[in-house]
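Positions are given from 1 along the sequence. All values below come from the heavy atoms of this structure, side chains included, with hydrogens, waters and symmetry mates left out. Whatever order the structure lists ligands and atoms in, that order sets their numbers, starting from 1.
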Amino acid sequence: MDIDPQRMTAGFVGTGTITEAVVTGLCKTRFAQMPIVLSPRSQSIAARLAGANANVSIAADSQDVLDRAGLVFIAVRPQIVEEVVTALRFRPDHHVISFVAATPLERLQAWIGQPVRLSQAVPLPFVADLQGATAIYPPDAVSDALFSALGTAIQVESKREYDLLAAGSAMMGSYFGIMDTVAGWLQGQGLSREAADLYVRQLFSGLDHAARLRPAASFAELVDDHSTKGGLNEQVLADFRAAGGGAALQGALDRVLARIRPEESDRS
Ligand SMILES: NC(=O)c1ccc[n+]([C@@H]2O[C@H](COP(=O)([O-])OP(=O)(O)OC[C@H]3O[C@@H](n4cnc5c(N)ncnc54)[C@H](OP(=O)(O)O)[C@@H]3O)[C@@H](O)[C@H]2O)c1
């Protein structure tokens, strides 16, 4: 969809980590001239973004964001979203995109109290550098255009698919946790931490590059291509799986999904 950034004002209710990443990214794209209005909290982030970008301004409060913007992003924490949203007066013509985890659209719609156009998205911090994937549900042309500019937008038709992508995003800490374990082991064996960190960073960055170069290859093919028969890589993966590593990861993802979709675990 062709969206004219000049004809749209985007407002953010909640100016924290994820708003900072999204606004920083947008200001590097064709949406760089789009007027953006931020709620004043966090004050330091709002001031930083407004200071760095001429198209970004700070509203008097969250209601002022809604009064000035047509496209409204909700980016406060789940614990306070009901209190924040129910205190605001939305217009029926508002287009609302929620970043808030664990808050179904039906609940948000009820708190908003107007028949606004509403969808959800899970941008990740790397959108600041126009990297990574953003899950969107339900499909929304404006959200797709914005998040495609910020990296890769993945639109899904069902809430369950969206929840599955959110569960997958819970792997971020473990990714770095694996790097930390490997670097820690190398250091424990006598390598300097500096050399260990540098080596592990570059190893994973090379693997990321290899995966990007071959988007059509399955992960199983990539495993094969990076594991000589009878070699060391094959041995580590086999040991990891035999010791329950794969099952532990799947179990952890099951537990994440149960938190995201308690209705499914209640049924089983
Ligand atoms: N971080 C991520 O990677 C990520 C990814 C996808 C989705 N999300 C979702 O995005 C939402 C925001 O996450 P975040 O990581 O950006 O959280 P965050 O850094 O804690 O940001 C939330 C912001 O809301 C502000 N705030 C608090 N009370 C407010 C109020 N009454 N009105 C307006 N703003 C208020 C806070 O300001 P003060 O600091 O002044 O209290 C803070 O700046 C969450 O629902 C989260 O689930 C996050």
Review point. Do Ser98 side-chain atoms and Val100 backbone N/O form a donor-acceptor pair below 3.5 Å?
Key: yes

Check your understanding: For residues Gln63 and Asp67, is any side-chain donor paired with an opposing acceptor at under 3.5 Å?
Key -> yes

Under 3.5 Å, which donor-acceptor pairs link side chains of residues 162-172 to any protein atom two or more places apart or in another chain?
residue: Tyr162; atom: OH; partner: Ala121; partner atom: N; Å: 3.3
residue: Asp163; atom: OD1; partner: Lys159; partner atom: NZ; Å: 2.8
residue: Asp163; atom: OD2; partner: Lys159; partner atom: NZ; Å: 2.9
residue: Asp163; atom: OD2; partner: Arg261; partner atom: NH1; Å: 2.7
residue: Ser169; atom: OG; partner: Ala166; partner atom: O; Å: 2.7

Below 3.5 Å only, please: the N or O atoms of ligand 1 paired with protein N or O atoms, distance on each line.
residue: ligand 1; atom: 16 (O); partner: Thr17; partner atom: N; Å: 3.1
residue: ligand 1; atom: 16 (O); partner: Ile18; partner atom: N; Å: 2.9
residue: ligand 1; atom: 19 (O); partner: Thr17; partner atom: N; Å: 2.9
residue: ligand 1; atom: 19 (O); partner: Thr17; partner atom: OG1; Å: 3.0
residue: ligand 1; atom: 20 (O); partner: Arg77; partner atom: NE; Å: 2.7
residue: ligand 1; atom: 20 (O); partner: Arg77; partner atom: NH2; Å: 2.9
residue: ligand 1; atom: 28 (N); partner: Arg41; partner atom: NH2; Å: 3.4
residue: ligand 1; atom: 37 (O); partner: Ser42; partner atom: OG; Å: 3.3
residue: ligand 1; atom: 39 (O); partner: Ser42; partner atom: OG; Å: 2.7
residue: ligand 1; atom: 40 (O); partner: Arg41; partner atom: NE; Å: 3.0
residue: ligand 1; atom: 41 (O); partner: Arg41; partner atom: NH2; Å: 2.8
residue: ligand 1; atom: 43 (O); partner: Thr15; partner atom: O; Å: 3.2
residue: ligand 1; atom: 43 (O); partner: Ser42; partner atom: N; Å: 3.1
residue: ligand 1; atom: 43 (O); partner: Ser42; partner atom: OG; Å: 2.6
residue: ligand 1; atom: 45 (O); partner: Val76; partner atom: O; Å: 2.6
residue: ligand 1; atom: 47 (O); partner: Ala101; partner atom: N; Å: 3.2

Exercise for review: Indicate the ring-plane relationship of Phe73 and Phe99, choosing parallel, tilted or perpendicular according to the 30° and 60° boundaries.
Suggested key: tilted

Exercise for review: State whether a side-chain donor-acceptor pair under 3.5 Å links Ser62 with Arg41.
Suggested key: no

Check your understanding: With distance as the sole criterion, is a donor-acceptor pair present between the side chains of Thr17 and Glu20 under 3.5 Å?
Key -> no

